[in-house]
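Right, one structure below, let's go through it.
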Amino acid sequence: MILYPAIDLKDGNAVRLVHGDMEQETVFNENPAAQAMEFVNAGCEWLHLVDLNGAFAGEPVNAAPVEEILKQTKVPAQLGGGIRDMKTIENWIDKGLARVILGTVAVENPDLVRTAAREFPGKVAVGIDARNGLVATKGWAEETNVTVTGLAKSFEDAGVAAIIYTDIMRDGAMKGPNVTATAALANAVSIPVIASGGVSSLEDLRNLRSCGAPLNGAISGRALYDGAIDLVEALTVMKA
């Protein structure tokens with residue numbers, strides 16, 4: 001399994017939110033590229049980036065820090081937040097991004113996901129963010145009546161590289177991931193699933209590893225910044 005350290009970008013800073021609430025932010029680093037290098041130097045093989053402002057604006061807002069991260073680091077990175085048209089997808093991939101994460105458009109314009117996945121094989125992931133089993137969009141601000149499994153299954157034949165599943169009520173709350181729901185999703189689809197939201201201890205990572213489902217990896221943010229998870233130990237756990 002891959003450990004994806006999260007760098008959430010808001011107003012140019014690396015921050016963490018609680019339950020996706022833009023009013024509940026903690027700034028962890030005013031230099032996101034330096035933060036990215038810390039993760040890479042510790043041995044991380046991927047980076048997970050989120051443009052929080054972009055998720056609400058519907059277009060990239062924190063492009064400058066993302067570009068600096070791509071320039072300074074040599075590991076692949078995936079980015080979500082405000083990526084809602086082919087031109088933006090093409091621009092990010094041209095700039096060296098390994099994988100774009102499409103969330104809101106996966107609900108509102110699934111044909112774009114299919115087209116992008118065909119155009120850029122292995123470089124398009126679907127971000128499914130859910131509250132009580134139902135998908136939320138536009139930076140988690142709008143709830144839909146779309147179920148997590150239903151949305152995931154609709155992309156079975158699309159060629160997407162991964163599904164990033166986030167339980168919103170666990171995100172940033174340091175209460176552990178929703179292992180049961182994550183495992184159920186991973187067992188329901190053939191697309192690789194990455195767990196996100198609430199990963200806050202080495203035990204959480206062990207639980208995900210032994211959940212009975214073939215997870216691709218897990219994303220962790222606040223716990224890495226707070227020191228609740230030792231990054232070097234976590235990488236060992238994920239490769240055990």
**Asked** Side-chain donor-acceptor pair under 3.5 Å between T88 and E59, yes or no?
**Response** no
**Message:** If we count only N and O atoms by modelled type, under 3.5 Å, do the side chains of N13 and N29 hold a donor and an acceptor together?
**Reply:**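 Note: N13 and N29 side chains miss the donor-acceptor criterion.
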Keeping the roles fixed (side chain from [X], backbone from [Y]), state whether a donor-acceptor pair exists under 3.5 Å.
X: D51; Y: N62; value: yes
X: Q78; Y: L47; value: no
X: R206; Y: V237; value: no

Does [X] reach the side chain of [Y], with side-chain heavy atoms less than 4.5 Å apart?
X: V107; Y: L151; answer: yes
X: M169; Y: K175; answer: no
X: V135; Y: T147; answer: no
X: D11; Y: N53; answer: yes

**Request:** Indicate the ring-plane relationship of F28 and Y225, choosing parallel, tilted or perpendicular according to the 30° and 60° boundaries.
**Result:** parallel
Might you point out which heavy atoms bring [X] and [Y] nearest each other, and give the distance in Å?
X: A77; Y: L97; value: O-CD1, 3.4 Å
X: P5; Y: C44; value: CG-SG, 3.5 Å
X: I69; Y: A33; value: CG1-CA, 3.7 Å
X: G43; Y: L235; value: C-CD1, 3.6 Å
X: M1; Y: L215; value: CG-O, 3.5 Å
X: S220; Y: V199; value: OG-O, 3.1 Å

**Request:** Applying side-chain contact (heavy atoms from CB on, under 4.5 Å), run through L9 and L52 and close with a yes or a no.
**Result:** CA-CA 6 Å; L9 299 161; L52 294 171; 6.0 Å; no
**Item:** I164 vs V126, side-chain contact (heavy atoms from CB on, under 4.5 Å): CA-CA, chis, key distance, verdict
**Value:** CA-CA 6 Å; I164 296 157; V126 171; over 6 Å; no
Rounded distance (nearest 0.5 Å) linking atom [atom1] of [X] with atom [atom2] of [Y]:
X: R222; Y: L224; atom1: CZ; atom2: CG; answer: 11.5 Å
X: N216; Y: I163; atom1: CG; atom2: CD1; answer: 11.0 Å
X: Y4; Y: L49; atom1: OH; atom2: CG; answer: 12.0 Å
X: H48; Y: I101; atom1: NE2; atom2: CD1; answer: 4.5 Å
X: M238; Y: L208; atom1: CE; atom2: CG; answer: 7.0 Å
X: F155; Y: S190; atom1: CZ; atom2: OG; answer: 13.5 Å

**Message:** Going by side chain to side chain donor-acceptor pair (under 3.5 Å), name the pairs with one or both residues in residues 177-187, residues two or more places apart or in two chains.
**Reply:** D167-N178
Tell me whether [Y] is reachable from [X] by hopping between hydrophobic residues (I, L, V, M, F, W, Y) whose side-chain heavy atoms are closer than 4.5 Å.
X: W46; Y: I93; answer: no
X: W92; Y: V105; answer: yes
X: V75; Y: L231; answer: yes
X: I194; Y: L3; answer: no
X: I219; Y: L185; answer: no

**Prompt:** Where do V100 and K123 land on the side-chain contact (heavy atoms from CB on, under 4.5 Å) test, with the steps shown first?
**Reply:** CA-CA 6 Å; V100 295; K123 293 182 179 293; 5.9 Å; no
**Prompt:** Partners of D129 by side-chain contact (heavy atoms from CB on, under 4.5 Å), sequence neighbours excluded?
**Reply:** W140, T166, I168
**Message:** Apply side-chain contact (heavy atoms from CB on, under 4.5 Å) to residues F39 and I7 and explain how you reach the verdict.
**Reply:** CA-CA 10 Å; F39 289 143; I7 299 178; 3.8 Å; yes
Carboxylate-amine/guanidinium proximity below 4.0 Å for [X] and [Y]:
X: R16; Y: E25; value: no
X: E90; Y: K87; value: no
X: K74; Y: E45; value: no
X: R114; Y: D157; value: yes

**Message:** salt bridge (Lys or Arg N to Asp or Glu O under 4.0 Å) for E68 and K71? Distances and angles first, verdict last.
**Reply:** CA-CA 5 Å; E68 192 60 30; K71 186 188 303 180; 3.6 Å; yes
**Asked** For E30, does the CD atom have more than 12 heavy-atom neighbours from other residues, nucleotides or ligands under 6.0 Å away?
**Response** no
**Prompt:** What pairs meet the salt bridge (charged side-chain N to carboxylate O under 4.0 Å, His left out) rule with one or both residues in residues 98-113, with sequence neighbours excluded?
**Reply:**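 Sorted result for residues 98-113: E108-K138.
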